[in-house]
Amino acid sequence: AEAQSAPDRALRAYEATLALDPTDARALAAIVDVLEAQARWPELVSAIRRRSQAAGSGWQQRQDLVRIANIQASFLDAPKDAIATWSEVSSAYGESADVVDALSELYTRTAAHASLAELLGRAADREDEHLASVRCRLGETYFKQLADAPAAVAAYRRALLADPTNESARQGLALLADDAGVRAEAIAALARSYELADEWEPLLALLDQRLAIATGEEQVVELLLEAAKLQEGRAGAKHAALASMCKVIALRPFDRRVEAEVQRLSVEAEEPLAAATAFEAAAQAAAGDVDRRAHLLEQAAVIYDEKLGDHAAALTAYTGALSCMPRSARFAEAVVRLGALAGDGAEDVVEMTLQTVSEGEPPTGHLRLLAGLQRRAPGRPLFDTLLRLAEREPADLAGLHEAARIADETVSDAALARSAYESLYERASGLVRRAGKDADPAIVAVAAAAVARLVTLYRAAGAAQEEIAIQLEAAKLQLHAD
């Protein structure tokens, strides 16, 4: 009653008691009650703190600090002081849910957004850890006690969504990856946890397993591209990145960006052979598009030729490119050049290849290259090629003259020789007639040589009329056939 009617007198009496015993709990509590009843808030805060420090237990001290913080936040309208007091509670007793809720409201009132974000982030992490722990225990129960592998994978996966670094959940999934029934789901969940945690090393270690369970070509390509990026960018392993991209181009032979990456990585990793073999594999995959196939084979051939000095391999690649584009002068010339360098009968193979691509109406350059190879062993094939060239180049008498000599001296076919020399004479004499006095002496000499040989061939064949006719014609042209 005295505390209500004469609060100051009562407070002095309680203070006197405390002077004799500063830890007197009844006096400390009575002061708090009097001040609260009188709504003397600043003094009340001090009194509560004195009681807490003098005689409070651990639990009581926490309650006192919470009471002080609530008074500061409400009656005193001092949110910053309240924040300081709640921070004391957090430091001494932990950042429990009531601490988080109170500080969240105070940080919002004071527009302390950065502090609010840090507070809520810590709380979320704790919640995630707790949730992950619960789900992990659930997964262990399904796995070890109930032998329910699908349910265990699902629980472990959900645990890792809450805490991607939870090692217990990861270990459980690693064990479940040996179960064919849930292997794909377990490996996928493991990979996702490494991605969320930005742990590239274990993610790369899973690559072969992830490729093995991939459900289609698109997924395989996606995994390989992801691996190449990590291998080069994070691990600094250009050799491994090149190996991944080489696999990609075999699946995506029309992707020029992948082609460029293979070229770049092969240079930086100093592994030209990997690129060459990858382009050959890609060419095989692009068999339906002859232009793309030829391009990829040419890329491989250039590497074999210029970087590896493997003429035989370059010849094989260029031969494939030529078969795709049989009219290509570039490929034909490369095949002939490499045939001479490759050895071991390579030129014979090249000759057969050119013979094949020269069927029908080939470019004139192909026939010239073929003739060059056939001159290694002159015979009827060279004769036929030279005649084909002569048909295309009427003014070039040298090839026709060579064909006539081959028929005469190498093939020893008199009829064939007469036919060739007759054509040679007809062309040469025509040129002489048109030129008249200005005829080229070399052409005149060819015409005379043709006449001379025809006279001999007619005589041997008993063709007197033909012999006389050619001699009379030669005389008119002043060609001497002695």
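The structure presented is a predicted model; accordingly, all values stated were derived computationally and were not measured.
Other residues, nucleotides and ligands place no more than 12 heavy atoms under 6.0 Å from the CZ atom of Arg137. With a 6.0 Å radius and a threshold of 12 heavy atoms from other residues, nucleotides or ligands, Lys247 has its NZ atom at or below the threshold. No more than 12 heavy atoms of other residues, nucleotides or ligands shown are found within 6.0 angstrom of CZ on Arg257. Residue-environment remark: CD (Glu199) exceeds the threshold of 12 foreign heavy atoms within 6.0 Å. Open room surrounds CZ on Arg158; 12 or fewer heavy atoms of other groups in view lie less than 6.0 Å from it. Counting non-hydrogen atoms of neighbouring residues, nucleotides and ligands closer than 6.0 angstrom, the OH atom of Tyr107 exceeds 12 such neighbours.
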- Kindly indicate, with the supporting measurements, whether the criterion side-chain contact (heavy atoms from CB on, under 4.5 Å) is fulfilled by Trp41 and Leu35. CA-CA 7 Å; Trp41 307 119; Leu35 292 172; over 6 Å; no
- Starting from the C-alpha separation in whole Å, work towards a yes-or-no answer on side-chain contact (heavy atoms from CB on, under 4.5 Å) for Ile31 and Leu18. CA-CA 10 Å; Ile31 291 174; Leu18 289 174; 3.5 Å; yes
- Kindly indicate, with the supporting measurements, whether the criterion side-chain contact (heavy atoms from CB on, under 4.5 Å) is fulfilled by Thr277 and Tyr304. CA-CA 9 Å; Thr277 53; Tyr304 281 128; 3.6 Å; yes
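Residues Thr85 and Gln72 have side chains that bring a donor and an acceptor to within less than 3.5 angstrom of each other. With no hydrogens or angles considered, a side-chain donor-acceptor pair links Ser244 and Gln231 at under 3.5 Å. Side chain to side chain, Gln263 and Gln299 meet the donor-acceptor criterion of an N or O pair below 3.5 Å.
Between Arg192 and Glu195 there is a salt bridge, since at least one side-chain N of the basic residue sits less than 4.0 Å from a carboxylate O of the acidic one. Salt bridge annotation for Arg376-Asp348: present, with a cationic side-chain nitrogen under 4.0 angstrom from a carboxylate oxygen. We find that Glu167 and Arg170 are joined by a salt bridge, their nearest charged nitrogen and carboxylate oxygen being less than 4.0 Å apart. The pair Arg388-Asp384 fails the salt-bridge criterion, with no side-chain N (NZ, NE, NH1 or NH2) lying under 4.0 Å from an Asp/Glu carboxylate O. We find that Arg252 and Glu217 are joined by a salt bridge, their nearest charged nitrogen and carboxylate oxygen being less than 4.0 Å apart. One finds a salt bridge joining Glu361 and Arg392 here, because a Lys/Arg side-chain nitrogen approaches an Asp/Glu carboxylate oxygen to under 4.0 Å. Classification of Asp21 and Arg26 as a salt-bridged pair fails, no side-chain N sitting under 4.0 Å from a carboxylate O. Between Arg264 and Glu268 there is a salt bridge, since at least one side-chain N of the basic residue sits less than 4.0 Å from a carboxylate O of the acidic one.
At a threshold of 4.5 Å between non-hydrogen side-chain atoms, the residues Phe279 and Glu259 count as touching. Within the 4.5 Å cutoff, no side-chain heavy atoms of Asp81 are placed close to those of Leu76. A heavy-atom distance below 4.5 Å is found between the side chains of Arg256 and His295. The shortest distance between side-chain heavy atoms of Gln219 and Leu211 does not fall below 4.5 Å. Between Arg368 and Val336 the shortest side-chain heavy-atom distance does not fall below 4.5 Å. Looking only at side-chain heavy atoms (C-beta outward), Cys324 and Asp291 stay at 4.5 Å or farther from each other. Looking at Gln209 and Ile213, their side chains never come closer than 4.5 Å, going by heavy atoms from C-beta outward. Within the 4.5 Å cutoff, no side-chain heavy atoms of Leu11 are placed close to those of Gln38.
Between Ala346 and Leu315, the shortest heavy-atom contact is CB-CD2, 3.8 Å.
At least one donor-acceptor pair under 3.5 Å links the side chain of Arg292 to the backbone N or O of Pro253. For Gln61 (side chain) and Ser52 (main-chain N/O), a donor-acceptor pair under 3.5 Å exists by modelled atom type. In this structure, Arg135 contributes its side chain and Ala155 its backbone to no donor-acceptor pair below 3.5 Å.
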